[in-house]
Amino acid sequence: MVRANMNKDPDDVSKMFDDVASRYDFLNDLLSLGRTKAWRKSVTSIIAPKSGMKVLDIAAGTGSSSRPLVDKGAEVIALDFSEGMLAQGRKQHKDIKFMQGDALKLAFDENSFDVTTISFGLRNTSNTSAALKEALRVTKPGGKIVVAEFSHPVNKFFRLIYLNYLMKALPIIARKISKNPQAYIYLAESIRAWPDQAGLALILEQNGWKSVAWQDLTFGIVAVHIGYKA
């Protein structure tokens with residue numbers, strides 16, 4: 001089994017997700033204590049998909065983030081680096097357009113999409129700034145990016161409880177229920193090392209996105225950042 005480390009080598013990350021693809025959605029729901037569906041609903045509300053809207057869902061995995069967008073009539077391309085995740089997605093969602101691709105080198109023309117979005121995938125890229133610049137390039141002027149990512153709980157006491165769960169309990173649970181528990185140890189480490197809400201907002205602004213704001217979900221365990229292309 002492959003485990004990515006904090007240098008986030010693209011081949012290691014891709015192989016790691018290939019290994020967990022068949023149970024990825026189930027384990028995410030379990031380890032997040034059932035919150036993934038609520039988070040996805042919030043992201044969908046912020047994107048406000050509608051008929052004719054062109055959306056690029058980066059790091060879409062098995063398509064769970066793309067599904068509600070397609071159901072609302074948006075034209076969605078579900079892009080992911082991992083062929084294993086894409087294969088699983090194609091089994092589960094026959095009507096979603098899946099595409100293999102690299103978030104750092106998007107194979108689309110400038111100004112192609114009304115919305116670019118990435119849910120729980122920006123953290124796994126080897127170059128956050130390059131990914132955000134590429135998303136900016138392919139977004140239409142006036143369009144937006146919506147980034148859902150694990151973040152830092154705002155309450156100090158709750159943050160302490162959360163970090164203890166993340167670094168101690170989650171790996172123990174993963175060893176019992178996953179064939180590749182190392183993937184979830186990487187998950188915990190990468191979440192802990194990720195910038196907080198204000199830090200990620202600054203990174204978005206430094207890479208060309210305007211009017212950046214965010215919305216905390218579940219006390220800040222997850223934050224959804226929104227930025228616009230001038």
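For clarity, every value in this text was computed on a predicted model and none was experimentally measured. Heavy-atom basis, side chains included; hydrogens, waters and symmetry copies ignored.
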- Query: Taking C-beta and beyond as the side chain, do Val115 and Leu69 meet within less than 4.5 Å on heavy atoms?
  - Reply: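 Counting from C-beta outward, Val115 and Leu69 never come under 4.5 Å.
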Value rounded to 0.5 Å, distance of [atom1] in [X] from [atom2] in [Y]:
{"X": "Ile96", "Y": "Ser66", "atom1": "CD1", "atom2": "OG", "answer": "5.0 Å"}
{"X": "Ile226", "Y": "Gln215", "atom1": "CD1", "atom2": "CD", "answer": "6.5 Å"}
{"X": "Gln197", "Y": "Glu149", "atom1": "CD", "atom2": "CD", "answer": "11.5 Å"}
{"X": "Ile145", "Y": "Leu136", "atom1": "CD1", "atom2": "CG", "answer": "8.0 Å"}
{"X": "Ile47", "Y": "Asp57", "atom1": "CD1", "atom2": "CG", "answer": "7.0 Å"}
{"X": "Leu79", "Y": "Leu86", "atom1": "CG", "atom2": "CG", "answer": "7.5 Å"}

- Query: Around atom CZ of Phe158, are there more than 12 heavy atoms of other residues, nucleotides or ligands at under 6.0 Å?
  - Reply: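 Yes, CZ of Phe158 has more than 12 neighbouring heavy atoms, counting only those of other groups under 6.0 Å.
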- Query: Above 12 or not: heavy atoms from other molecules or residues under 6.0 Å from CG of Asp109?
  - Reply: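 No, not enclosed.
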Quick one: do [X] and [Y] end up in the same hydrophobic cluster if we chain Ile, Leu, Val, Met, Phe, Trp and Tyr together by side-chain heavy atoms under 4.5 Å apart?
{"X": "Ile203", "Y": "Trp214", "value": "no"}
{"X": "Val146", "Y": "Val70", "value": "yes"}
{"X": "Met99", "Y": "Ile58", "value": "yes"}

- Sequence neighbours excluded, which residues qualify as ring pair (Phe, Tyr, Trp, His ring centres under 6.0 Å) partners of Phe98?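 Result, ring pair (Phe, Tyr, Trp, His ring centres under 6.0 Å) vs Phe98: none returned.
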- Using the ring of each side chain (for Trp, its six-membered ring), is Phe120 parallel, tilted or perpendicular to Phe150, with breaks at 30° and 60°?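 Taking Phe150 first and then Phe120, their aromatic rings sit tilted (interplane angle of 30° to 60°).
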- Item | Aromatic ring pairing Phe113/Phe108, orientation class (parallel under 30°, perpendicular over 60°, tilted between) |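 It falls in the perpendicular class, over 60°.
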Which heavy atom in [X] sits nearest to a heavy atom in [Y], and how many Å separate them?
{"X": "Arg40", "Y": "Ser64", "result": "CD-O, 2.8 Å"}
{"X": "Trp39", "Y": "Thr218", "result": "NE1-OG1, 2.7 Å"}
{"X": "Leu106", "Y": "Ala135", "result": "CD1-N, 4.0 Å"}
{"X": "Gly227", "Y": "Val212", "result": "CA-CG2, 4.2 Å"}
{"X": "Asp196", "Y": "His152", "result": "CA-CD2, 3.4 Å"}
{"X": "Met53", "Y": "Ala48", "result": "CE-O, 3.4 Å"}

Backbone of [Y] reached by a side-chain donor or acceptor of [X] within 3.5 Å:
{"X": "Thr125", "Y": "Gly121", "answer": "no"}
{"X": "Glu110", "Y": "Val138", "answer": "no"}
{"X": "Trp209", "Y": "Leu132", "answer": "yes"}
{"X": "Asp216", "Y": "Phe219", "answer": "no"}

- Task: Name all pairs fulfilling the side chain to side chain donor-acceptor pair (under 3.5 Å) condition that reach into residues 68-77, sequence neighbours left out, sorted by first residue then second.
- Result: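 Output for this query lists Arg67-Asp71.
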- Task: Could you name each residue pair satisfying side chain to side chain donor-acceptor pair (under 3.5 Å) that touches residues 130-140, not counting sequence neighbours?
- Result: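 Passing the test, one end in residues 130-140: Asp114-Lys140, Thr116-Thr139, Glu134-Arg137.
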- Item | CA sep, side-chain torsions, deciding dist, call: Ser119, Val43, side-chain contact (heavy atoms from CB on, under 4.5 Å) | CA-CA 9 Å; Ser119 293; Val43 173; 4.3 Å; yes
- Residue pair Thr128, Trp194: steps toward the side-chain contact (heavy atoms from CB on, under 4.5 Å) verdict: CA-CA 11 Å; Thr128 302; Trp194 189 245; 3.8 Å; yes
- Query: Does any donor atom in the side chain of Gln88 or Thr62 lie under 3.5 Å from an acceptor atom in the other side chain?
  - Reply: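 The answer is no; no qualifying pair exists.
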